[in-house]
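This is the structure I want to talk about, given as C-alpha cells.
Because only heavy atoms are used, hydrogens play no part in the values below, and waters and symmetry mates are left out as well, while side chains stay in. Whatever order the structure lists ligands and atoms in, that order sets their numbers, starting from 1.
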Amino acid sequence: MVSSSISRKTQASKSASRRETGAYALIDSLVRHGVKHIFGYPGGAILPIYDELYRAEARGDLQHILVRHEQAAAHAADGYARATGQVGVCFATSGPGATNLVTGLATAHLDSIPMVAITGQVTRAAIGTDAFQEIDIYGITLPIVKHSYVVRDAKDMARTVAEAFHLANTGRPGPVLIDVPKDVGIEEIDYIPVEPGSAKLPGYRPTVKGNPRPINNALKLLRETRRPLMYVGGGAIISNAHEEVKQLAEHFQIPVTTTLMGLGSFDEKHPLSVGMLGMHGTAYANFAVSECDLLIAVGARFDDRVTGKLDEFASRAKVIHIDIDPAEVGKNRPPEVPIVGDVKTILRQMLRRIKDLSIPQNTTETQEWLKRIERWRQHYPLIVPQRPDSMSPQEVIVELGRQAPNAYYTTDVGQHQMWAAQFINYGPRRWISSSGLGTMGYGVPAAMGVCKAVPDAQTICISGDASFQMNLQELATLAQYGIKVKTVVINNGWQGMVRQWQQTFYEERYSSSNMGVGSPDLVLLAKAFGVKGMVVRDRSDLKDAIAEMLAHDGPVLLDAHVTKDENCYPMIAPGKANSQMIGLPERPQPKQEADITCTACGAVNTTVHNFCPECGHKL
Ligand SMILES: Cc1ncc(C[n+]2csc(CCOP(=O)(O)OP(=O)(O)O)c2C)c(N)n1
Ligand SMILES: [Mg+2]
C-alpha cells in the first residue's frame with residue numbers, strides 16, 4: 001500500500017533520523033501508508049498539521065479536499081474506503097470540528113468501515129481546563145471507534161499512525177481516531193519513519209484461518225441438507241469473497257440471499273440468487289429463510305432488521321456461522337457450527353476440502369427446494385408500480401440501473417434506499433449505503449469519496465428530498481473540485497419512510513414528516529452552487545433525462561418528482577416474523593404452524609404460510 005508517488009524528500013528521510021515536527025511526522029506517515037486523498041476542514045488546533053499538509057500538497061504527495069462540513073469529511077472517507085477497501089482519512093479541528101465527525105465515525109463503526117480520523121486538540125498544558133474549543137473527543141467517541149489515541153509526544157506519531165492503519169483495516173475493520181494536541185504538531189523530534197505493516201501489537205491477533213474441525217462439521221451438514229440457504233453479509237464484501245461465495249453456492253446448489261450490507265457479493269441475475277432478505281427484502285428470500293433447514297451465515301450478524309422476531313428467524317434451521325469477529329458468533333443466534341476467521345480464507349478452506357475429499361457436486365438434493373423458491377418468486381415478485389398520473393420512485397431507480405449498470409451507487413436513507421436495494425443489481429463494492437446507523441445525509445459526501453477513489457467510474461447518489469437537505473452544502477465541494485457525482489433526488493415531498501410508518505402504525509397521524517413547505521427549488525439550488533441542475537416529472541422524459549445527466553462531464557443534480565404516497569413493500573413490521581410480510585400482492589395472512597393438506601396438490605405441509613409451499617395454492 002506504499003504510495004508510488006512518495007516524493008524524493010520523503011524517500012530521503014526513509015532511514016536517517018532528522019529533526020522534524022510532529023505534524024511532519026504525521027503527514028509523512030500518511031503518505032507512506034499510501035494516502036492520496038484527505039477529506040477535511042481546518043481550524044485553530046489543527047493548523048500546524050494543515051501547514052504541513054500545504055507543503056505536502058505542493059510537493060504533489062497527496063490532495064486535500066475541503067468539504068463544507070466535517071460530517072461530510074467522515075462520510076467521504078467512508079465512501080472512499082467502501083469503494084476500494086483501503087483506509088479512508090479525514091481531518092477536523094478540535095471542539096466543534098471534532099464533534100461534527102461523530103455521526104460519520106458512528107456510521108463507519110456500525111458498518112465496519114476502515115477509517116482513520118485525525119482531530120486537532122488544544123495544547124497539552126490546556127487539556128482539562130475547558131480551553132477554547134476543547135472537547136474530550138477521545139471520550140465522546142470511545143463507544144463508536146475500533147480504537148483511539150491521544151498523541152502525547154511527537155515521538156509517538158509515526159508508530160501511532162502505523163498502528164491506526166493496521167487496526168483500522170485488519171480483523172473486523174473499523175474507524176480509528178487520532179487526537180493530536182496542537183503543540184505536539186509543532187514539537188520537533190528526531191524523526192524516524194515507521195513503515196506500513198510494521199506495527200507491533202502483541203495483544204491484537206485476529207484469527208484469519210478457520211479451525212479445520214468446524215469446517216469438516218459444516219461440510220457434513222452441507223452434504224445432508226435438503227433446504228439450505230446462504231445468508232451473506234457485509235463481511236463477504238470486506239474480504240472480497242464474492243467468487244468463493246459463488247463457488248460454494250454452485251457446488252451444493254444453495255440459494256443465496258444477501259443483507260443490505262452484503263448487496264453486490266452475489267450476482268442477483270444468477271439463478272441461485274433470491275435477492276435481499278429482511279424488513280424490505282424479497283418475499284421469496286424471507287419465505288426461504290423461514291423454511292430452510294440449514295442457514296449458512298457468511299459475514300453477517302443477525303441484525304434485527306434482518307431477523308425480525310428473532311425466535312422465529314430460520315427456526316427450522318441449523319446454523320453455520322462464519323465471521324471474523326468472535327463476538328458476533330452466537331451474539332443473537334447460537335450456531336450449531338461456529339467458524340471464526342476471515343470469510344474468504346474460510347470459504348477457500350472449505351472449497352479445498354471439497355476437492356480433497358472429492359465431495360461430488362450436488363445436482364439433485366436441493367432441486368425440490370429451488371423449485372419451491374421459484375414458485376414463491378413467481379407468486380410474489382417485486383413490483384414496479386406504473387401510476388397513470390405520476391412517475392413512481394421505482395421506475396426512476398429501474399431506469400438508472402438500466403442505463404448505468406456498472407456505476408458505483410451511494411444512497412441516503414429512507415424508502416429510496418430500500419427501492420435502490422431492491423431494483424438494481426450491483427457488483428461487489430458498487431453498493432455504498434449507511435446500513436447499520438441509517439444516516440440521512442450520507443449519500444452525497446460518500447459519493448464524493450467514491451468519485452475521488454475511482455475517478456474513471458460513474459458515481460451516482462440516489463437520495464431522498466429530506467436526506468439530501470441534510471448535507472446539501474457539499475454541492476459546493478463537488479463544484480470546486482469538479483467531482484462528477486450524479487445525484488438523483490427521489491423527490492416525494494415527504495420523509496417517505498416516516499410517512500409510511502405513520503400511515504401503517506400510527507393511524508395516519510403525519511407528525512412532522514411532510515417536506516413540501518420550505519423545500520428549495522433544487523434546480524435553482526444547483527445553479528447557485530455552479531452545478532448542473534435538472535428536473536424530471538413525467539415518465540415520457542425519464543429516459544432522456546437520465547441519459548443527459550450521465551453524459552454530462554461534471555456534477556449534476558437531478559430532481560425526480562415521483563408519486564408522493566408510494567409505500568415500500570414487502571415490509572416486515574417490527575417484532576414480527578419474516579414470514580409475516582405486509583404489502584404482498586395477495587396480502588396473505590400467515591397461518592399458525594400446523595399440518596395442512598393442500599386441496600390443490602394434496603401435499604401435507606407443515607407451514608407458517610397461507611399458501612402451499614409445494615404448488616403455491618392458497619390454503
Ligand atoms: C440523521 C437522521 N435523522 C433521522 C432519521 C430517521 N429517518 C429515517 S428515513 C427518514 C425519512 C427520509 O426521507 P427522504 O430522504 O425524503 O427519503 P424517502 O423515505 O422519502 O425516500 C427519516 C427522517 C435518520 N435515519 N437519519
Ligand atoms: Mg422523501
- Salt-bridge criterion met for E328 and R172 (N-O under 4.0 Å): yes
- Item | Atoms in ligand 1 flagged as close to M497, the criterion being non-hydrogen separation under 4.0 Å | 9 (S), 19 (O)
- In D465, what N, O or S atom is nearest to the Mg ion (ligand 2), if we give its atom name? OD1
- I490 near ligand 1 by a heavy-atom separation under 4.0 Å: no
- At the Mg ion (ligand 2), what is the angle formed between atom O of W494 and atom OD1 of N492, rounded to the nearest 10°? 80°
- Query: For Q495, is at least one N or O under 3.5 Å away from an N or O on ligand 1?
  - Reply: no
- Just how far is it from atom CD of Q502 to atom CZ of R509, taken to the nearest 0.5 Å? 9.0 Å
- Heavy-atom side-chain proximity of Y481 to Q63 below 4.5 angstrom: yes
- Item | Salt bridge present between R387 and D389 (N-O < 4.0 angstrom) | no
- Task: Using a strict cut-off of 4.0 Å, indicate which atoms of ligand 1 neighbour a heavy atom of G414.
- Result: 9 (S), 19 (O)
- Query: Which option out of S467, G496, P393 puts a heavy atom nearest to atom 15 (O) of ligand 1?
  - Reply: S467
- Message: For the CG atom of L263 and the CD1 atom of I237, what is their distance to the nearest 0.5 Å?
- Response: 7.5 Å
- Sub-4.0 Å atoms of ligand 1 with respect to non-hydrogen atoms of Q415: 18 (P), 19 (O), 21 (O)
- Just which atoms of ligand 1 are under 4.0 Å from any heavy atom in V413? 9 (S), 12 (C), 15 (O), 17 (O), 25 (N)
- Query: Relative to the heavy atoms of G464, which atoms of ligand 1 are at a distance of less than 4.0 Å?
  - Reply: 14 (P), 15 (O), 16 (O), 17 (O)
- Taking atom 5 (C) of ligand 1 as the reference point, the nearest protein heavy atom with its distance: M440 SD, 3.4 Å
- Polar atom proximity, T439 to ligand 1 (N or O, under 3.5 Å): no
- Ligand-side contact atoms (ligand 1) for residue partner H416, heavy atom cut-off under 4.0 Å: 15 (O), 17 (O), 18 (P), 21 (O)
- Query: Would you call E395 and R539 a salt bridge, taking side-chain N to carboxylate O under 4.0 Å as the test?
  - Reply: yes
- Message: So, taking the atom named OG in S390 and the one named CG in D538, what distance separates them when rounded to the nearest 0.5 Å?
- Response: 10.0 Å
- Contact region, F468 to ligand 1, non-hydrogen atoms below 4.0 Å, reads neither
- Item | Ligand-residue contact atoms, ligand 1 with M470, heavy atoms, under 4.0 Å | 1 (C), 3 (N)
- Side-chain ion pair, D323 and R301, N-O less than 4.0 Å: no
- Query: Between Y138 and T119, is any pair of side-chain heavy atoms under 4.5 Å apart?
  - Reply: no
- Query: Under a 4.0 Å N-O cut-off, is there an ion pair linking D541 with R537?
  - Reply: no
- Query: Under 4.0 Å from any heavy atom of A466, which atoms of ligand 1 are there?
  - Reply: 13 (O), 14 (P), 15 (O), 16 (O)
- Quick one: are the ring centres of F302 and H321 less than 6.0 Å apart? yes
- Task: Would you check whether G438 reaches within less than 4.0 Å of ligand 1, judged by its heavy atoms?
- Result: yes
